[in-house]
Amino acid sequence: MTPAPDPRRYDLDALRESLRDARGGEVDDSIPELARADPDLCAIALALPDGSVLHSAEADVAFSIQSAVKPFLFALALLDTGGEALDRVGIEPTGESFDAITLESGTGRPPNPMVNAGALLTASLVDGGGPDERSTRIARGLAAFAGRELDVDEDVAHNEHLLGDRNHALAHLMRAEDTLTVSADDAVAVYARACATLVDARTLAVMGATLALGGVNPCTGARVLPERVARDVVSVMATCGVYDGSGRWMRAVGIPAKSSVSGALVLSAAGRLGAGVVSPPLDDQGTSVRGRLASEALSNDLGLHSFAV
Ligand code: GLN
């Protein structure tokens, strides 16, 4: 076997330049703040086990994390419930879009933690006596993954809470099934605030690396999660992280990842590295068009596909 190429020698700016002309996809317009995103933004970052972070231009441009927060909410729920979260949410892929109004048949549980129903539920399982305390706990948890404090875009949090009709519907449906135990409005508020957390490509890379490296943040050296919890989270990213595009993603890219409506992708290549990629135009499955191309290139050029021998 030839040794895997060294990411330190990889020219991320050249990769970024090669993607800049890629067109196609639509910027999400579910809230005004997302609709205003720069369609030309494109940034890539890699976080390595030795704590170094490699990045292209624009890797410090901030955007809301959106659904790329879902693996971290799942992780915090597993941590705070001592694993009981695994009884409260399924882990099977749905083959449906991220905000489909469906629950697991027979149990009324959300199908998996990577779709909106599941993330509404996992956010409700994080420790805290009420929504403010839960949001504070989530902010603290996300900061440990990131290795720094993260701001929240208050306009994004407000508008997602106000305009997230499908999330309100999902929360009410889970209340009716007795699977959500906090109020529907509190669940949507806490989830919306988590989605409104501001990150950049560098930060996402570090967060992805913390999952990929068994729960230890390579930049701070802090153990954020037990190794087994990190493994569980990355497993579910692999099967469910790109929604109804997860099968095609796994075949083509082969790296567990989570997509989001802001055009962000967080990737966790177990034992190797974390990556953060952002570019707002999305394909039909809600995956960043340039993000997918960048991820395929990284996988091929750095030998990161989970099943490549
Ligand atoms: N906050 C968004 C929503 O709930 C996140 C969805 C996503 O990124 N796919 O609709």
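The basis for the numbers below is simple: all heavy atoms, side chains too, and nothing from hydrogens, waters or symmetry mates. Being a predicted model, the structure only gives us computed values, none of them experimental. Counting convention: from 1, in listed order, for ligands and their atoms alike.
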### Task
Within a distance under 4.0 Å of any heavy atom of Cys195, pick out the atoms of ligand 1 and give their elements.
1 (N)
### Query
Considering only heavy atoms, does Arg166 approach ligand 1 within less than 4.0 Å through its side chain, its backbone, both, or neither?
neither
### Message
Need the ligand 1 atom indices (1-based, order shown) with element for anything under 4.0 Å from a heavy-atom of Gln66.
### Response
1 (N), 2 (C), 5 (C), 8 (O)
### For ligand 1, the portion of Ser67 having any non-hydrogen atom under 4.0 Å away
both
#### Entry: Val261, portion touching ligand 1 at heavy-atom distance under 4.0 Å
both
### Query
For Tyr191 and ligand 1, does the shortest N/O to N/O distance drop below 3.5 Å?
yes
### Query
Does Lys70 reach ligand 1 with a nitrogen or oxygen that is under 3.5 Å from one of the ligand's nitrogen or oxygen atoms?
no
### Query
Do the numbers put Lys258 on top of the ring of Tyr243, so that NZ or CZ is under 6.0 Å from the six-membered ring centre and no more than 45° off the axis?
yes
### Message
Heavy-atom distances under 4.0 Å decide this one: backbone, side chain, both or neither, for Asn167 against ligand 1?
### Response
side chain
### Message
Ring-plane angle category for His168 and His161, please: parallel below 30°, perpendicular beyond 60°, tilted otherwise.
### Response
parallel
### Message
Could you identify the single nearest non-hydrogen protein atom to atom 1 (N) of ligand 1 and state the distance to 0.1 Å?
### Response
Glu160 OE1, 2.4 Å
### Which atom of Leu48 lies closest to which atom of Pro218, heavy atoms considered
O-CB, 3.4 Å
### Query
If you take all heavy atoms of Arg20 and Asp40, which pair is closest and at what distance?
NH1-O, 3.7 Å
### Query
Which atom pair, heavy atoms only, marks the closest approach of Ser268 to Met237?
OG-CE, 3.7 Å
### Summary
Heavy atoms of Ala294 and Leu15 approach each other most closely as O-CD2, 4.1 Å
### Query
Going only through I, L, V, M, F, W and Y residues with side-chain contacts under 4.5 Å, is there a path from Val234 to Leu78?
yes
### Query
Could an N or O of ligand 1 be found under 3.5 Å from any N or O of Asn116, whether backbone or side chain?
yes
## Note on the structure
Only residue of Asn116, Asn112, Thr122 satisfying side chain to side chain donor-acceptor pair (under 3.5 Å) with Lys70 is Asn116
### Message
Using a 4.0 Å cutoff against the non-hydrogen atoms of Ser260, which atoms of ligand 1 qualify?
### Response
8 (O)
